[in-house]
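Below: the structure, in structure tokens.
We name chains A, B, ... by the order of the sequence lines, and we start the count at 1 in each one.
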Amino acid sequence: DVQLLESGGGLVQPGGSLRLSCAASGLTFSSSAMSWVRQAPGKGLEWVSAISSSGGSTYYADSVKGRFTISRDNSKNMLYLQMNSLRAEDTALYYCAKDFRFLEGSFDYWGQGTLVTVSS
Amino acid sequence: QSVLTQPPSASGTPGQRVTISCSGSSSNIGSNTVNWYQQLPGTAPKLLIYSNNQRPSGVPDRFSGSKSGTSASLAISGLHSEDEADYYCAAWDGSLNAVVFGGGTKLTVL
């Protein structure tokens, strides 16, 4: 079975940094494009970032461009999201998701999410 | 405000057929495929429909999707109480170079 397990969330002050990780198993990770999708408390889904299977192509939502960096380590089956200059509006549950088809908005496997709270 | 527009709520009684709309523009729905997700309370989203009208393995055929121009719809026939959930549409936006989601529709089974 495919499993995506996020970690690294927590409470951070505005302007601070956090690195999220997603451990993947049960899939050929090196052949899978991956994304991060977030959901603010009581709100809808918001796509954050995507990375191609090789890591050679990355995409970001305008709301995080220049502050967040997506990366992956195919040798460890790991996906990462480095988040800098965090703002209160970045508070959300962050999901790691496997792209069913890259850059189509179709995600066939999701983790359970890791909560990021930005507050002083 | 979301790039894709969905009604905030919808409702139906068991056995009924309900539809949820998703309106976009030429840069997203008009030129790319639409996907639908179901999110049950307290759980991660689940892919319900991809490529406008394709169901992943395991999704009942009570769920169907369609697209016309810059709009798409999700139809649920033979409504069950367990269909009570939030539903989201999503598509790639070629102008924004980003995946865009609808704001979500909360379906209530009366």
Margin query: Just checking Q16(B): does its CD atom have more than 12 heavy atoms from other residues, nucleotides or ligands closer to it than 6.0 angstrom?
Written below: yes
Next item on the list: Give a yes or no on this: more than 12 heavy atoms of other residues, nucleotides or ligands lie within 6.0 Å of atom NZ of K76(A).
Entry: no
Side-chain heavy atoms under 4.5 angstrom apart, residues restricted to Ile, Leu, Val, Met, Phe, Trp, Tyr: same cluster for [X] and [Y]?
X      : Y       : result
L20(A) : V118(A) : yes
I51(A) : W36(A)  : yes
F68(A) : M34(A)  : yes
L18(A) : Y60(A)  : yes
I29(B) : L48(B)  : yes

Residue part contacting chain B, namely of [X], when any heavy atom lies under 4.5 Å:
X       : value
F107(A) : both
E46(A)  : backbone
V48(A)  : neither

Under 4.5 Å from any heavy atom of chain A - which part of [X]:
X      : answer
P56(B) : neither
N97(B) : both
S2(B)  : neither

Margin query: Could you tell me if the side chain of P45(B) sits less than 4.5 Å from the side chain of L45(A), heavy atoms only?
Written below: yes
Checklist line | Flag side-chain contact, heavy atom, 4.5 Å: S106(A) against W92(B) | finding: no
For the residue pair [X] and [Y], what are the closest heavy atoms and their distance?
X       : Y       : result
A44(B)  : G111(A) : CB-O, 3.3 Å
E104(A) : N35(B)  : O-ND2, 2.7 Å
Y88(B)  : K43(A)  : OH-O, 3.8 Å

Next item on the list: For the pair S51(B) and R101(A), evaluate side chain to side chain donor-acceptor pair (under 3.5 Å) and give the outcome as yes or no after the intermediate values.
Entry: CA-CA 9 Å; S51(B) 295; R101(A) 290 179 179 169; 2.7 Å; yes
Next item on the list: Ignoring hydrogens and angles, tell me if any N or O in the side chain of D62(A) forms a donor-acceptor pair with the backbone of L96(B) under 3.5 Å.
Entry: no
Check: Could you walk me through whether Y50(B) and D108(A) pass the side-chain contact (heavy atoms from CB on, under 4.5 Å) check?
Finding: CA-CA 9 Å; Y50(B) 67 94; D108(A) 55 349; over 6 Å; no
Next item on the list: Select, from G44(A), A97(A), S35(A), the one with the greatest count of heavy-atom pairs under 4.5 Å involving chain B.
Entry: G44(A)
Margin query: For the CD atom of Q39(B) and the CH2 atom of W110(A), what is their distance to the nearest 0.5 Å?
Written below: 8.0 Å
